[in-house]
Every structure is written in structure tokens, then in C-alpha cells.
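Note that the coordinates shown come from a computational prediction; the quantities given were computed from them, not determined experimentally. Numbered from 1 within each chain, the chains take letters A, B, ... in sequence-line order.
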Amino acid sequence: MRPAVPLARQAAILRQRFPDSKLTLKCGKLLWEARLRPTPLSHEYLVRLAYSMRFYPTMKILDDLQIDWAKPPPHLYRDQSICLHDRPDWDSTMLLADTIVPWTSEWLAHFELWSIGGVWYGDEAQPPPSVVAFTQDRASSGGRSM
Amino acid sequence: MYTNRDEQLTAILGAGIDSLDIPEDQFLVAENAYRMASTFLRGYWADSDTDGAMYPQGSMRLGTVTRLIHRNDEYDLDMVCRHDLDKSQITQTALKADVGEALEQFTKAHPESGLELDDEGRRCWTFKHKTLPFHLDVLPALPNPKTSESGILVTDTDAFRWHPSDPIGYADWFLDRQHQEWLLGMQQVAVRQQMEVEALPRRAFKTTLQRAVQALKRHRDIYFAKDLKNRPASIIITTLAARSYEPGGSLFEVLSDVVQKMPGLVEGGGLGGYVVSNPVVPAENFADRWRGHPRRARRFFEWMEQAQKDFAEFGSIDGIENVINKAASVFGPNAGRAAQHAFGEGFRTMRVAGRMVMLPATGALVQGTVNSVPQHIFHGA
């Protein structure tokens, strides 16, 4: 059975990959803040990762995502922390920098797509959009000029 | 899918532009229909000891077919119907009637083509397909014995003088402009599909020039949505784009480059009027239609300025949602949705296929295979 990755090593890898990030390691708890740009065309987001080896890591988006909580995006809690994995997907033998961090970028990229029209591409295949006739679109958008 | 900003932009814009093209199944139906018509006409006219042909011209021949947003996203496919007579033997009016009659006989003899006569224009006959959303605009023509084998004489707007034209020659010029990129692209397609290049149809690979022309035609249609009669002719856009085009760039680079150069390639502008000459029939000036309509020339340059602004903006936008919303505003909502869907599906399958990696420092997810992002399910909430 592989041993759990020590906190110090988790911290070292995060620092190495993200030299501009802030990291504290105190009393058995790792706190990491960094700016992620999920794809080259994406916005930049400030995120915070908290991890002590007793619990699953938590990742929170610190920027206000301006969520309408009546119609929130999938996998986001009220405190803007994200649910990134199912139980079997992650354990303490894995590097945070190889899992939680890229999964966070992935969620953020899907969030940007979702914010266009509420379609979530992150979980399963979505049906292709139906071709809406221009005349219908023009009627529903109040005849705005494009 | 992409490894940097330019490639990601190309992927998104490309998916939007691809949605403007005629789907393969409809293309095949149209191709089959005109080939059937051509065969029929040769037999029909053989009775009078004459020959002829029907073949595509314009966007179908160039590979730049673009849905018409002001006609419910349908397609207009242009055809030439050549009857091999001498111009001394027939007037323009009589030729038009002759071609119309022959095509009517064709649709009756071959109902399986799905075509029926829809409209009679001043110069063309228009056929629509019974179930598919395309029209064939058929232009009657005679051969032009004074020029190359592909040269034709078509009706002029005054229905008196025969007007020399060469749509096959024009298409050959256009396709030659992009030959280098096309051949490289076809070789890559051939490898992927494990076929010989010769066994693939020409349209198996679309070049940046073809897609740029489609993008510009759609951008034009939206810009001129409330002023359709002043919109610049597709042949002007196509000619200037092809003249501006240089191979070797990404779709986004070519689009940006071409819109910068196009206005400068319009010649004239003084008392003699503007000139956009036909590269294969230099005496023909595509900008002749601006004479007597000075507003059209002005609107053309205004449109070019807007296109330059719009494509430059793509280069500086942040946020996938903003890129796609911008694509929807310049290419139409359907194209925006197509771009969104293509990117969303592609992004997820990139990770599922083990081809997604994270770059250090930014955390950006790009295509790669070394230390790829592991599988997981988003969960909860």
C-alpha cells in the first residue's frame, strides 16, 4: 500500500508549480492561495485550497462569482467551495497539484461555459443544440440589431 | 484541441464557422441533382444535335457555401447551365426560355432529384428542393469561343449584350491561391483516415482562406441585416480575401490579416469609380455595381472597419463566455451555440481521453499527454 504524501511534499510541489502562490503550513494544516486561469482564453480566478491529512481537501473560489443561488451552477456550495470528486477518485497518496488543482481549473472552465446559457458540459455528453430559425430568434430578442 | 490562446480561439471560431457550411449529406444531394440534370440535358439536347452541361459555380465550387441568416439559414447554390449554341443562333430571352423548358422536363423526368421550379428571376431560374433547405440558382449560358474552354457568355442585365464570364477559371484561380495549405491539410486528413489523398473529395479539408470567406460573408449578412440591398457582393469579398491571403497562419491570424488588407486592394476611387477586377477576366470589374450607387462603396468600407474592430476584439477578450457571446454576435446565435457545444464537448472529452494537462504558473488546461489530468467525477452540491 502506498504511503500518504506528507504535507511538506504537497506544499513543495505546489510552490514549485506555482511560484507566485501563497502557502502556509502550520499545525498540520496546509493553506494555499493562487490565481488560476483555467484555459488560455479564460478569466483569472483567486482560489484557496485547505488540506489537513485528516479530511478531504477543500477548494474555494475567493472571487465573487456573482451566483444567482436560485439557479446555481452544478457542484458549487454556498460558500463557493467546489465538490471536485467522488470518494474513490482521490486519496492522500495523490498529489494535490496533479488532481485537486487541475480539477479546479476544469470546473472553472466549465463554469464559464455554463454561464452563457446554463448548459453543463463537465459531467456527461450533451445533445447538440437545435438550429433555431433566425426569424424566431429575432422575435424573441425584440428585433435588436446584431 | 489547443495548446495556446491562438489555437483555442481558432478552435472556437472554427466550430462556429463550420456550422455555417452546408452539411455533407445535403451537399451530396445537391451534387447528385446537378449531375443528374447535366446527364439529362445532354441527352435532351442531343435530339437537336447540340450539347451542353450543368455545373456549379460560386460558393459551391469554391467550398465557401454559407447559410443565409436572412433566409432561415438556408443555402443558395449557384449553377451554370450551358447550351452549346452560337450566340448568333439565339437571343438571351430565347436562351433563358430554352434552358427553363429543358430543366422543367428534367424535374418531370426525374422526380427523385427532389427538385422543383421555384422562381423565375431576371437572369436565372431558381429551383428548390422539396425537403432540404437549399435553392439552386441556374444561370443560362453559351460557350464563349473566343476564350478558353471554360469561358462562357451569360445574359447581361440589359438582356442585349452577352457578357463574358469564366466561373470555372475563377474557381481554379481561387483554389490555386490556397493550394499549398490545402495539399498539406489533405495529406494530414489522408493519414488520419488511412486513405490516399486522391480518394478523398476536395472538400475533405477546408483551408483558412475558405473559412475566412465564410466568416466574412456571414459577418456581412448580419451587419447589413437591415440594409440587404447595399451589401457587398460575395464575389467582391471572395476576390479581395483571396488576394490578401497568405498561407501559414492560424484561422484567427488569417482572418485578422485579411480584413486589414482587403480595403487597400480596392483600386480606383476617383471619377472612374472603384475597381475590383476579375483576376481571370481583367476587363470585368466586380465593383461596377457600385457605379451609380455611391452609398454602396461607402458602406463597404464602413463594414470593413467594423469587421476589423470585431476580429481585433477577439484577440483581447478574456473569458470563454465572452468569446462565445462575441462569436454569436458576429456570426449569429446558431453559430454561437455550435461553438459553445463544440468547445464544451471537446473540453470534457480531452480529459476523458487522457489528453488534458495543466500548465504550471497559470493552471491552464491544454492539450498534452505527459502527466495528464486524472479521471474524476464532479460530485455533490
Side-chain angles (χ1 to χ4, degrees), chain A residues 16-20 34-44 47 72 74-77 81-87 89-90 94 97-99 101-107 109-110 112-117 119-126 128-135 137 141 145-146, chain B residues 2-9 12 19 68-73 222-223 225-226 317-325 328-330 332-334 336-338 340-349 351 356-366 371 373-381:
Chain A
Q16 181 194 64
R17 300 260 182 95
F18 294 87
D20 292 337
R35 296 192 177 281
L36 298 181
R37 192 184 295 276
T39 73
L41 285 175
S42 292
H43 299 287
E44 214 179 45
V47 303
H75 314 302
L76 187 72
Y77 293 106
S81 61
I82 338 172
C83 192
L84 290 165
H85 63 90
D86 203 355
R87 280 182 176 268
D89 295 333
W90 196 88
M94 299 181 181
D98 282 348
T99 53
V101 179
W103 293 342
T104 302
S105 281
E106 207 189 331
W107 185 90
H110 281 296
E112 285 185 350
L113 273 169
W114 174 91
S115 60
I116 300 171
V119 182
W120 185 259
Y121 291 93
D123 291 321
E124 355 171 271
Q126 294 296 319
S130 56
V131 174
V132 180
F134 174 62
T135 47
D137 272 356
S141 64
S145 60
M146 294 202 202
Chain B
Y2 62 87
T3 57
N4 58 43
R5 194 185 156 100
D6 182 72
E7 285 180 17
Q8 189 183 4
L9 194 51
I12 291 177
S19 77
L68 299 172
I69 193 168
H70 52 281
R71 277 167 53 178
N72 282 337
D73 271 357
I222 291 181
Y223 184 83
K226 295 199 168 115
I317 296 180
D318 264 354
I320 300 174
E321 77 282 12
N322 291 325
V323 172
I324 289 176
N325 284 333
S329 82
V330 307
N334 286 333
R337 273 188 286 271
Q340 177 191 333
H341 183 79
F343 186 79
E345 287 296 299
F347 191 71
R348 189 193 65 254
T349 55
R351 194 252 306 144
M356 178 183 274
V357 302
M358 184 180 73
L359 297 178
T362 60
L365 299 170
V366 299
N371 199 22
V373 177
Q375 305 303 331
H376 70 121
I377 307 174
F378 293 108
H379 195 63

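Interface residue B:N322: only side-chain heavy atoms are found under 4.5 Å from chain A. No part of B:A342 comes within reach of chain A, as not one of its non-hydrogen atoms sits under 4.5 angstrom from that chain. The contact between B:I12 and chain A is made entirely by side chain atoms (from C-beta outward), counting heavy-atom distances below 4.5 Å. B:Q375 touches chain A through its backbone: at least one of N, CA, C or O sits under 4.5 Å from a heavy atom, while the side chain does not. A:W90 does not touch chain B: none of its heavy atoms, backbone or side chain, sits under 4.5 Å away. For A:P128, the parts lying under 4.5 angstrom from a heavy atom of chain B are both the backbone and the side chain. For a residue to count as touching a neighbouring chain, one of its non-hydrogen atoms must lie under 4.5 Å from one of that chain's; by this rule A:R35 touches chain B with the backbone only. Proximity to chain B involves both the backbone and the side chain of A:E106, based on heavy atoms less than 4.5 angstrom apart. Of the two parts of B:N371, only the side chain, counted from C-beta on, holds a non-hydrogen atom closer than 4.5 Å to a non-hydrogen atom of chain A.
With contacts defined as side-chain heavy-atom distances shorter than 4.5 Å, the pair B:I324/A:E112 does not qualify. Side-chain contact check for A:H110 versus B:R348: some heavy-atom pair is nearer than 4.5 Å. Under the 4.5 Å side-chain criterion, counting only non-hydrogen atoms from C-beta, B:Y2 is not in contact with A:L41.
Heavy-atom pairs under 4.5 Å with chain B were tallied for A:P38, A:A109, A:A34, A:G117; the largest tally goes to A:P38. Highest contact tally toward chain A, considering only B:M356, B:Q8, B:R351, is held by B:Q8 [criterion: heavy-atom pairs under 4.5 Å]. Of the listed residues (A:I82, A:D89, A:T104, A:D20), the one with the most heavy-atom contacts under 4.5 Å to chain B is A:D89. Interface remark: of the candidates A:S81, A:A97, A:G122, A:G122 forms the most heavy-atom pairs closer than 4.5 Å to chain B.
Closest of all the heavy-atom pairs between A:S105 and B:G363 is OG-O, 2.7 Å. Between A:P102 and B:L365, the shortest heavy-atom distance links the atoms O-CD1, 3.8 Å. Minimum heavy-atom separation, A:W103 to B:F378: O-CE2, 3.8 Å. Across all their heavy atoms, A:R17 and B:P360 have their closest contact at O-CB, 3.4 Å. Closest non-hydrogen pair, A:T99 versus B:P374, comes out as CG2-CG, 3.8 Å. Closest of all the heavy-atom pairs between A:L113 and B:F343 is CD1-CD2, 3.8 Å.
Within the 3.5 Å criterion, the main-chain N or O of A:Q126 finds a donor-acceptor partner in the side chain of B:E345. Distance alone, capped at 3.5 Å, places no donor-acceptor pair between the A:H85 side chain and the B:I377 backbone.
Residues meeting the side chain to side chain donor-acceptor pair (under 3.5 Å) test with A:S115, sequence neighbours left out: none. Under the ring-ring contact (aromatic ring centres under 6.0 Å, His included) criterion, A:H43 pairs with no residue at all, not counting sequence neighbours.
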